[in-house]
Amino acid sequence: MKFGKIDYLNLLPFHVFLKRSSLKSYTKKSIEHKKDVPAKLNKALKKNQIDAAVISSIESRYKKYKILNMGIVAKRDVKSVLVRKNSKNKKDPASASSNMLAKILNIDGEVIIGDRALKAYLTDGDECFYDLANIWYKKTGLPFVFGRLTCAKYTSFYKSLTKNFTKRPVKIPQYILEQYSQTRKIEKEKIIWYLKYISYKIETKEQKSYRLFLRKARELGFKA
């Protein structure tokens, strides 16, 4: 099995869960070799280079895929999908969903996502950025689904795996927090604070938001 891993803090609890799981050691090793940004995992899944991944929600729409009820969700704020105020329009090549969301919301400026965006937010604060999930919530009253676990193969296996993951919160060991703090240059306390904004279970409101997002994208000429 070849699972693609988004190497951002927003999926750290899922990575810890996988590490603790009963997956075979070679499967766990393969996950570490298949880590990348969302946009590249989109392409890898399309080319059958991986079997499953949490990919950009807008790219999970293809009928050949099976989408599961797990993903990267922001109930209100997200703190890591931002548009810099008073800046030139610029897409973030790492995320198709975030770029489209900025377009739907008619927010001009530089789109930045992931750990880079979180670091910028922690440095510059609210006054310098638009939080796209927050603006979506204010307009729709809905959470926003940035990514969805999407399968090209082994759907039953991944469905069982993610069902177990979403049953209960995952506690992140201090040594892993320390590792990520050092590699991402973000304080451990800030990582814990940030993860409180992220959820993973896709239920009725999240499904409604996902469908609304795709409809809005189609209205702007995005091919569904």
Side-chain angles (χ1 to χ4, degrees), residues 1-15 17-18 23 26-74 78 80-83 89-104 110-118 132-133 144-159 161-162 165 183-184 198 200 202 206-207 209-211 213-224:
M1 291 185 184
K2 297 172 286 185
F3 183 82
K5 171 182 173 182
I6 294 178
D7 197 24
Y8 288 156
L9 287 171
N10 55 24
L11 275 178
L12 179 55
F14 188 52
H15 301 157
F17 168 80
L18 291 175
L23 292 174
Y26 65 82
T27 302
K28 293 180 181 181
K29 286 180 181 178
S30 75
I31 291 170
E32 288 302 311
H33 289 297
K34 295 289 183 181
K35 55 187 179 183
D36 220 317
V37 298
K40 289 191 177 180
L41 291 180
N42 297 343
K43 294 178 181 178
L45 189 63
K46 193 178 290 186
K47 293 178 180 178
N48 296 315
Q49 295 169 347
I50 54 177
D51 306 318
V54 178
I55 65 172
S56 299
S57 59
I58 200 165
E59 291 294 329
S60 67
R61 71 198 187 283
Y62 294 108
K63 290 182 180 179
K64 69 175 183 176
Y65 295 149
K66 296 293 184 182
I67 50 176
L68 304 185
N69 291 330
M70 180 233 153
I72 302 168
V73 179
V78 67
S80 61
V81 181
L82 311 171
V83 173
N89 285 352
K90 185 179 179 182
K91 294 180 180 180
D92 191 315
S95 176
S97 291
S98 302
N99 295 326
M100 178 54 71
L101 180 57
K103 188 174 181 180
I104 289 169
E110 179 189 5
V111 178
I112 53 174
I113 74 155
D115 298 347
R116 183 171 73 96
L118 177 60
L132 293 184
F144 191 80
V145 181
F146 285 99
R148 292 198 72 158
L149 181 53
T150 306
C151 303
K153 294 180 182 178
Y154 308 117
T155 302
S156 296
F157 168 79
Y158 288 112
K159 188 174 183 179
L161 186 74
T162 55
F165 168 64
T183 57
R184 309 305 157 98
I198 308 297
Y200 304 98
I202 296 177
E206 290 79 13
Q207 293 281 20
S209 178
Y210 173 73
R211 291 192 296 268
F213 172 60
L214 292 182
R215 179 167 64 80
K216 294 283 188 184
R218 286 194 296 269
E219 287 171 359
L220 290 175
F222 191 87
K223 294 182 180 179

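These values consider heavy atoms only, across backbone and side chains, with no hydrogens, waters or symmetry-generated copies.
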### Residues Tyr210 and Ser60: side-chain donor-acceptor under 3.5 angstrom
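Side chains of Tyr210 and Ser60: pair found under 3.5 Å.
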### Non-neighbouring partners of Asp7 that pass side chain to side chain contact (heavy atoms under 4.5 Å, CB included), sequence neighbours left out
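Asp7 satisfies side chain to side chain contact (heavy atoms under 4.5 Å, CB included) with Lys5, Lys35, Tyr180, Arg184 only.
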### Message
According to side chain to side chain donor-acceptor pair (under 3.5 Å), who are the partners of Arg215, at least two apart in sequence or on a separate chain?
### Response
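Only Glu219 meet the side chain to side chain donor-acceptor pair (under 3.5 Å) criterion with Arg215.
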Report the distance from atom [atom1] of [X] to atom [atom2] of [Y], rounding to the nearest 0.5 Å.
X	Y	atom1	atom2	result
Leu132	Ser80	CG	OG	10.0 Å
Lys90	Ile112	NZ	CD1	10.0 Å
Leu45	Tyr62	CG	OH	11.0 Å
Leu161	Tyr154	CG	OH	14.5 Å
Leu41	Phe3	CG	CZ	8.5 Å

Which heavy-atom pair separates [X] from [Y] by the least distance, and what is that distance?
X	Y	result
Ile113	Val111	CG2-CG1, 4.2 Å
Ala117	Val81	CB-N, 4.5 Å
Asn10	Tyr200	O-OH, 2.5 Å
Met70	Phe165	CE-CE2, 3.9 Å

### Task
For Lys64, look at atom NZ and say whether over 12 heavy atoms of other residues, nucleotides or ligands are found less than 6.0 Å away.
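Atom NZ in Lys64 is crowded, with more than 12 foreign heavy atoms closer than 6.0 Å.
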Check whether any side-chain heavy atom of [X] lies under 4.5 Å from a side-chain heavy atom of [Y], and answer yes or no.
X	Y	answer
Thr155	Leu68	yes
Phe144	Val78	no
Lys153	Lys2	no
Arg116	Tyr8	no
Lys66	Tyr158	no

### Query
Checking side chain to side chain contact (heavy atoms under 4.5 Å, CB included) for the pair Asn69/Thr162: CA distance, chi angles, key distance, verdict?
CA-CA 8 Å; Asn69 291 330; Thr162 55; over 6 Å; no
Which atom pairs, one a donor and one an acceptor, fall under 3.5 Å between side chains of residues 93-104 and the rest of the protein, sequence neighbours left out?
from, atom 1, to, atom 2, distance (Å)
Ser95, OG, Ser98, N, 3.2
Ser95, OG, Ser98, OG, 2.9
Ser97, OG, Ser57, N, 3.0
Ser97, OG, Ser57, OG, 3.1
Ser97, OG, Ile58, N, 3.0
Asn99, OD1, Asp92, N, 2.9
Asn99, ND2, Asp92, O, 2.8
Asn99, ND2, Ser95, O, 2.9

### Message
By the definition side chain to side chain contact (heavy atoms under 4.5 Å, CB included), identify the one residue from Val54, Ile55, Ile72, Ile202 that meets it with Arg148.
### Response
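For Arg148, the side chain to side chain contact (heavy atoms under 4.5 Å, CB included) test succeeds with only one of Val54, Ile55, Ile72, Ile202, which is Ile202.
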### Query
Is a side-chain donor or acceptor of His15 paired with a backbone partner of Ile6 at a separation under 3.5 angstrom?
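Such a contact is found between His15 side chain and Ile6 backbone.
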